[in-house]
Amino acid sequence: MNLTLKGIPVIAIDGPSASGKGTVAQLVAEKLGFHYLDSGALYRLLALAASRRGVSFEDEEKLARLAEGLAIRFENGEIWMDGERVGDAIRTEECGNGASMIAAYPRVRAALLGLQRTFCKAPGLVADGRDMGSVVFPAATLKIFLTASAEVRADRRYKQLMEKGMRANIRQILHDIRQRDERDSARSVAPLQKCADASLLETSALTIAQAVDEVLARFRQVGVQ
Ligand code: CDP
């Protein structure tokens with residue numbers, strides 16, 4: 001059994017854009033009564049803060065300083081930044097694309113590392129992102145690489161945006177997803193990749209409930225619950 005330093009079980013769920021890992025991770029956390037870290041939300045929050053304050057997405061230094069000073073709070077499924085409820089403002093495609101751009105900077109990633117690790121609390125954590133298993137929680141109890149084909153992911157993202165009442169164009173989404181996959185995989189720091197000790201979960205043909213059950217089954221297999 002491979003536990004984290006503090007003896008707290010961690011399930012790391014990494015994977016590409018719109019793979020459904022956020023939904024799956026949240027449900028797994030609920031079922032186990034564990035905490036949940038949406039690490040992508042932190043990059044999205046930073047992109048939102050930067051655009052509101054006029055900080056260029058090309059200014060790594062200023063972005064890193066902004067990341068260090070952000071007052072972020074997650075509370076009952078709500079996110080607060082600098083005393084203001086953020087709501088769906090970070091869920092737009094513009095914010096997602098901005099997040100992907102600024103996430104390529106090593107100093108930005110370093111500035112957000114400590115904050116992410118504070119989420120590791122008893123009785124356990126489910127963390128979702130790109131580098132949960134490789135960088136943030138390398139000693140995670142279970143590492144899952146959750147993916148689906150680009151077409152299935154575009155369809156999932158389209159439905160998600162429609163449900164939120166946001167405007168969406170499926171062809172544009174597919175184009176953005178491919179572009180984001182490329183940027184996330186090609187960056188020099190913490191690139192999107194399946195680590196050797198992660199187990200692959202291909203969800204193109206799975207429902208959310210099936211994917212959740214599969215993660216829980218693999219977690220039971222590693223012998224914690
Ligand atoms: O919803 P989607 O999967 O598209 O993205 P997200 O998880 O909300 O993350 C937004 C962007 O932040 C991603 O495209 C990544 O570039 C970046 N990210 C990252 O670099 N590392 C993480 N641990 C999480 C997100």
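Ligands are counted one by one from 1 in listed order, and the atoms in each one are counted from 1 as well.
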| Step-by-step side-chain hydrogen bond (donor to acceptor under 3.5 Å, both in side chains) determination, Q221 to R218 | CA-CA 5 Å; Q221 268 169 21; R218 292 182 194 186; over 6 Å; no
| said: Closer than 4.0 Å to some heavy atom of M132 - which atoms of ligand 1 meet that? | reply: 23 (N)
| Any idea which protein heavy atom is nearest atom 11 (C) of ligand 1, and the distance to it? | A99 CB, 3.7 Å
| query | Do F219 and I208 share a hydrophobic cluster (ILVMFWY, side-chain heavy atoms under 4.5 Å, transitive)? | reply | yes
| task | Can you pull out the closest protein heavy atom to atom 1 (O) of ligand 1? Residue, atom name and distance to 0.1 Å, please. | result | R157 NH2, 2.8 Å
| ligand 1 versus E93, non-hydrogen atoms closer than 4.0 Å: side chain, backbone, both, neither? | neither
| message | I need the nearest protein heavy-atom contact for atom 16 (O) of ligand 1: residue, atom name and distance, please. | response | D184 OD1, 2.8 Å
| said: Could you identify the single nearest non-hydrogen protein atom to atom 12 (O) of ligand 1 and state the distance to 0.1 Å? | reply: Y43 CB, 3.6 Å
| Does I177 offer a backbone N or O that forms a donor-acceptor pair with the side chain of S17 under 3.5 Å? | no
| said: Within ligand 1, which atoms have a heavy atom of A103 less than 4.0 Å away? | reply: 16 (O), 17 (C), 20 (O)
| Closest non-hydrogen protein atom to atom 24 (C) of ligand 1, residue and atom name please, with distance? | S39 OG, 3.4 Å
| query | Is ligand 1 under 4.0 Å from a heavy atom in the side chain of A18, in the backbone, in both, or in neither? | reply | backbone
| query | Are side-chain N/O atoms of R180 and S100 paired as donor and acceptor at under 3.5 Å? | reply | no
| When rounded to the nearest 0.5 angstrom, what is the spacing between CG in L125 and CZ in F119? | 8.5 Å
| query | Looking at G40, which atoms of ligand 1 are within less than 4.0 Å of one of its heavy atoms? | reply | 6 (P), 7 (O), 8 (O), 9 (O), 24 (C), 25 (C)
| Are the side chain of S51 and the backbone N or O of A47 linked by a donor-acceptor pair below 3.5 Å? | yes
| request: May I ask you to decide if V10's main-chain N or O and T141's side chain share a donor-acceptor pair within less than 3.5 Å? | output: yes
| Which protein heavy atom lies closest to atom 4 (O) of ligand 1, and at what distance to 0.1 Å? | R180 NH1, 2.6 Å
| Has ligand 1 got any nitrogen or oxygen that is less than 3.5 angstrom from a nitrogen or oxygen of R130? | yes
| said: Please list the nearest protein heavy atom to atom 3 (O) of ligand 1 with its residue and the distance rounded to 0.1 Å. | reply: K21 NZ, 3.0 Å
| request: State whether the number of non-hydrogen atoms from other residues, nucleotides or ligands found under 6.0 Å of E151 atom CD is greater than 12. | output: yes
| field | Nitrogen or oxygen of R91 less than 3.5 angstrom from that of ligand 1 | value | no
| Are the side chain of D14 and the backbone of M132 linked by a donor-acceptor contact shorter than 3.5 Å? | yes
| What atoms of ligand 1 come within less than 4.0 Å of a heavy atom belonging to G129? | 23 (N), 24 (C)
| note | If you scan protein heavy atoms around atom 8 (O) of ligand 1, the nearest is R44 NE, 2.6 Å
| message | Assess, by modelled atom type and distance only, whether the side chains of E93 and N97 contain a donor and an acceptor separated by less than 3.5 Å. | response | no
| Y105 side chain vs F57 backbone, donor-acceptor pair below 3.5 Å | yes
| said: Less than 4.0 Å is my threshold; does some heavy atom of R109 fall inside it relative to ligand 1? | reply: yes
| query | Do other residues, nucleotides or ligands put more than 12 heavy atoms under 6.0 Å from the CZ atom of R85? | reply | no
| query | Got an N/O contact under 3.5 Å between D128 and ligand 1? | reply | no
| query | Are R183 and ligand 1 in contact, using a heavy-atom cut-off of under 4.0 Å? | reply | no
